[in-house]
Amino acid sequence: MTHSALWVADYIVATGAGVLTPLHVLKLTYMSHGYTWGIVGHKLISDKVEAWKYGPVIPTVYEALSKYGSREVDALHYCGTPISSEDNVQKRVEELGSRFSEKEKEVIDCVVDVYKDWTAGQLITLMHREGTPWSQYYVKGGVNIIIPDSVTKTYYEELVNERRQQ
């Protein structure tokens, strides 16, 4: 089953304890999408992904979070719950998490756990590595360059298979 990238992003913001910037949320949403393909066997989000200067971007998520600039995202998009309200955030984590299968949630939680402390620069470098879907489609100065789902699928399936063999 596919989901709106905004629901995935809100779940990531809620589980990220208020320390994630829009760039983090964008990259973690995209990686959750890719790793879900590689591990669970289906795509996570229904939104298009584009190759922008700083890596893969989901335009709907970018637009929703652009008001934060490089500051931490301090509230959920859909309901406006402030991250500083621990009781409400835990309730929202449970509500948002109920939209995903247990396997999807495990993948998202793992991606957040592994990458939440990475700097923006480290995440950009990771997304810009040779062979990544972004590197295959990004054209300097280009706009609205869609990264085909099939390319993300193949990349993350291969990445997961390589790691399983190690």
Side-chain angles (χ1 to χ4, degrees), residues 2-39 43-97 99-100 104-130 132-135 137-138 140-147 152 155-156 159:
T2 61
H3 308 277
S4 162
L6 288 168
W7 285 115
V8 177
D10 262 2
Y11 180 74
I12 289 170
V13 168
T15 60
V19 299
L20 302 176
T21 66
L23 187 137
H24 283 91
V25 177
L26 279 163
K27 302 311 175 219
L28 298 180
T29 301
Y30 176 70
M31 286 191 282
S32 295
H33 172 55
Y35 277 114
T36 297
W37 242 327
I39 295 167
K43 67 194 252 177
L44 180 63
I45 63 170
S46 55
D47 306 58
K48 69 180 177 176
V49 178
E50 296 178 357
W52 290 17
K53 182 178 181 179
Y54 296 110
V57 170
I58 303 155
T60 52
V61 175
Y62 176 84
E63 290 168 20
L65 301 179
S66 63
K67 67 183 178 184
Y68 292 100
S70 60
R71 296 181 330 267
E72 287 88 4
V73 179
D74 65 3
L76 303 182
H77 173 72
Y78 276 116
C79 60
T81 300
I83 297 303
S84 60
S85 171
E86 285 186 36
D87 291 342
N88 285 336
V89 169
Q90 187 54 42
K91 181 180 174 189
R92 295 299 184 210
V93 166
E94 291 168 13
E95 289 172 2
L96 290 163
R99 296 180 169 277
F100 310 113
E104 290 169 340
K105 239 182 356 182
E106 285 175 26
V107 171
I108 299 166
D109 290 343
C110 184
V111 167
V112 171
D113 187 51
V114 169
Y115 296 102
K116 73 178 179 217
D117 296 325
W118 285 39
T119 67
Q122 289 171 316
L123 290 171
I124 290 167
T125 298
L126 178 67
M127 297 287 112
H128 285 204
R129 286 190 328 206
E130 186 176 329
T132 62
W134 176 88
S135 72
Y137 281 85
Y138 179 70
K140 189 175 182 176
V143 293
N144 303 95
I145 304 166
I146 293 178
I147 299 174
T152 299
Y155 177 79
Y156 279 93
L159 187 62

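Scope of the values below: all heavy atoms of this structure, side chains included, with no hydrogens, waters or symmetry mates.
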Counting only heavy atoms from other residues, nucleotides and ligands, does the tally under 6.0 Å from OH of Tyr62 exceed 12?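 No.
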Looking at Tyr115, I'd like to know if its OH atom is crowded, meaning that more than 12 non-hydrogen atoms belonging to other residues, nucleotides or ligands lie closer than 6.0 Å.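 Yes, OH of Tyr115 has more than 12 neighbouring heavy atoms, counting only those of other groups under 6.0 Å.
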Say you draw a straight line from [atom1] of [X] to [atom2] of [Y]; how long is it, rounded to the nearest 0.5 Å?
| X | Y | atom1 | atom2 | value |
| --- | --- | --- | --- | --- |
| Ile45 | His3 | CD1 | NE2 | 10.5 Å |
| Ile147 | Lys48 | CD1 | NZ | 12.0 Å |
| Trp52 | Ile58 | CH2 | CD1 | 10.5 Å |

Closest heavy-atom contact between [X] and [Y]?
| X | Y | value |
| --- | --- | --- |
| Tyr30 | Tyr156 | CE2-OH, 3.8 Å |
| Thr132 | Tyr155 | CG2-OH, 3.6 Å |
| Tyr54 | His128 | C-NE2, 3.3 Å |
| Gln122 | Asp117 | OE1-O, 4.5 Å |

Any donor-acceptor N/O pair, [X] side chain to [Y] backbone, under 3.5 Å:
| X | Y | value |
| --- | --- | --- |
| Thr36 | Glu104 | no |
| Asp47 | Ala5 | yes |
| Lys105 | Arg99 | no |
| His24 | Trp118 | yes |

Taking only residues two or more places apart in sequence, or in another chain, which ones meet His33 in a ring-ring contact (aromatic ring centres under 6.0 Å, His included)?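 Testing His33 for ring-ring contact (aromatic ring centres under 6.0 Å, His included), a comparison that skips the adjacent residues, returns Trp37.
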Under 3.5 Å, is there a donor on one side chain and an acceptor on the other for Asp109 and Tyr11?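 Note: Asp109 and Tyr11 side chains meet the donor-acceptor criterion.
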Heavy-atom side-chain proximity of [X] to [Y] below 4.5 angstrom:
| X | Y | value |
| --- | --- | --- |
| Val107 | Phe100 | no |
| Lys27 | Pro56 | yes |
| Arg129 | Ser135 | no |
| Ser32 | Ile108 | yes |

With Lys53 via side-chain contact (heavy atoms from CB on, under 4.5 Å) - residues at least two apart: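 Partners of Lys53 by the side-chain contact (heavy atoms from CB on, under 4.5 Å) criterion, ordered by chain and then number, come out as Tyr138.
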So if I apply the side-chain contact (heavy atoms from CB on, under 4.5 Å) rule between Leu123 and each of Leu23, Thr21, Leu26, which one comes out positive?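 Exactly one pass, corresponding to Leu23.
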Reference residue Thr29; test side-chain contact (heavy atoms from CB on, under 4.5 Å); the match among Ile12, Thr60, Asp10: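 Of the listed options, the one satisfying the test is Ile12.
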I would like to know whether Leu44 and Tyr35 meet side chain to side chain contact (heavy atoms under 4.5 Å, CB included); could you show each step before the answer? CA-CA 9 Å; Leu44 180 63; Tyr35 277 114; over 6 Å; no
